[in-house]
Amino acid sequence: MKIAITVEALKDGHFAGVQQYIHNLIHRLADSRDLDLTLIASPQSPRSLFPDNAGMIYHSPAEVLGSGLLSAVFAPPRCLSGFDLIHCPTVTAPFFFRPGAKVVMTVHDLVPLLFPEWQTRRRVLYFKHILKHRFRFVDRFIAVSHSTGRDLVRHFRIPEHRIDVIHEGVSEQFEPGAASGEAFILAVSTLEPRKNFKRIIEAFVNLRKTEKTRDRLVIVGKEGWLFDEIVRVPPAFQDDVVFTGYVSELELIRLFQAARCFVYPSMYEGFGLPVLEAMACGCPVITSNTSSMPEVAGDAALLVDPYEVADIEDAICRLTDEPALCAELSAKGIQRASEFSWRRTARQTLDVYRKTVTADDV
């Protein structure tokens, strides 16, 4: 099979969740012997990000007002019809028509449509008014969770038989290690409203005020949209909250291994990859009881109402006071994370390619 995958989202080595998905998927797919793989990438992307045995097409869309949408209409990449299938691993694509090849698209979440107050106006307009037209040239959809699959059915009336749910994986590098030094409470994500840092900080400050924890709060992640409005710490507690910014994967693993617990009460996730990464490192997890998080965490985490500061506070307090509970969640988390792998993600994705290419009507 001749497969092209659009990978313009990989511009440097600083990966958020979607970039992690694309990077891990293409490297696992490159191991398949019956796949002739070509990547459509930005000319600015380092070649080292991509598998050595993948063919490359470099495409540089001309942006108008910060958007490449017009280029997708008037100047798409050449030779798109020379493939059996094109996979768009995000809901954007460098073309705006049905090419000669079959098209598979991965949908990670519908946050701009479901919660427009958490997104930029441009993304909201795209999801509300443009995305439905792009969906018309997609033959099959991959949803990263059943939660996202249900959202596709509900909001875009995509027939269930055209949606394949394929969970993300966790890299083998995430594994338990010996904790050393001072224990701390860890939160990891891009700093943006949906990730609920405002309530995390409020819960932590309440625990410090009542002396229910002596731990510090370590917040890892690059600055996102409206970050300065959600990470304000009262002056009396600023020394107790550490902002690291973006860290390398190796440093993130070290932090997961050393933390007392990982707090991830996001208000909505299409998947929630950091939950698995923390579990794989043996770090007890607190996450939300909404959207995809229960699907990912199973019974291996404490689930909280992300809108209730008291819920987040109580869960942190439990893991501070109950070593046996920490040990139980650590063991369950390691087992749970072992059920998810990027190799399985790639294998199931390859199965979708095969049935899409061979189907007369998908």
For [X], does the [atom1] atom sit with more than 12 other heavy atoms under 6.0 Å from it, leaving out its own atoms?
{"X": "D52", "atom1": "CG", "result": "no"}
{"X": "D239", "atom1": "CG", "result": "no"}
{"X": "R47", "atom1": "CZ", "result": "yes"}
{"X": "E211", "atom1": "CD", "result": "no"}

Ignoring hydrogens and angles, tell me if any N or O in the side chain of [X] forms a donor-acceptor pair with the backbone of [Y] under 3.5 Å.
{"X": "H108", "Y": "P89", "answer": "yes"}
{"X": "H155", "Y": "R150", "answer": "no"}
{"X": "R194", "Y": "F115", "answer": "no"}
{"X": "T287", "Y": "L303", "answer": "no"}
{"X": "S330", "Y": "P284", "answer": "no"}
{"X": "R140", "Y": "H161", "answer": "yes"}

Tell me whether the rings of F96 and F137 are parallel (<30°), tilted (30 to 60°) or perpendicular (>60°).
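Plane angle over 60°, so perpendicular.
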
| request: Look at the rings of F141 and F135 and say which category their plane angle falls in: under 30° parallel, 30 to 60° tilted, over 60° perpendicular. | output: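 Plane angle over 60°, so perpendicular.
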
Scan side-chain atoms only and decide if [X] and [Y] contain a donor-acceptor pair under the 3.5 Å cut-off.
{"X": "Y126", "Y": "R134", "result": "yes"}
{"X": "T90", "Y": "T92", "result": "yes"}
{"X": "E192", "Y": "T190", "result": "no"}
{"X": "E295", "Y": "H167", "result": "yes"}
{"X": "E223", "Y": "Y246", "result": "no"}

Between [X] and [Y], is there a side-chain N and carboxylate O pair less than 4.0 Å apart?
{"X": "D36", "Y": "K2", "value": "no"}
{"X": "D164", "Y": "K355", "value": "yes"}
{"X": "E251", "Y": "R254", "value": "yes"}
{"X": "R260", "Y": "D215", "value": "yes"}

Compute the ring centroids of Y21 and F271, then answer whether they are less than 6.0 Å apart.
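Here the rings of F271 and Y21 have centres that are no less than 6.0 Å from each other.
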
Item checked: Minimum-distance pair of heavy atoms, taken over all atoms of E168 and L276 ->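 Reported closest heavy-atom pair: O-CD1, 4.4 Å.
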
Query raised in the report: Would R216 and D240 count as a salt bridge (charged side-chain N to carboxylate O under 4.0 Å, His left out) if you check the C-alpha gap in whole Å, the side-chain angles of each, and the deciding distance to 0.1 Å?
Result: CA-CA 5 Å; R216 291 189 302 165; D240 301 315; over 6 Å; no

Face-on cation placement of R154 at F156 ring, 6.0 Å and 45° thresholds: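 Geometry flag: not set, cation outside 6.0 Å or 45°.
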
If Ile, Leu, Val, Met, Phe, Trp and Tyr residues are connected whenever their side-chain heavy atoms lie under 4.5 Å apart, and connections chain through other members, are I3 and V7 in the same group?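 Yes, I3 and V7 fall within the same hydrophobic cluster.
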
query: Are F340 and L273 in one and the same hydrophobic cluster, where Ile, Leu, Val, Met, Phe, Trp and Tyr link if side-chain heavy atoms are under 4.5 Å apart?
result: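 Result: yes, single cluster for both.
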
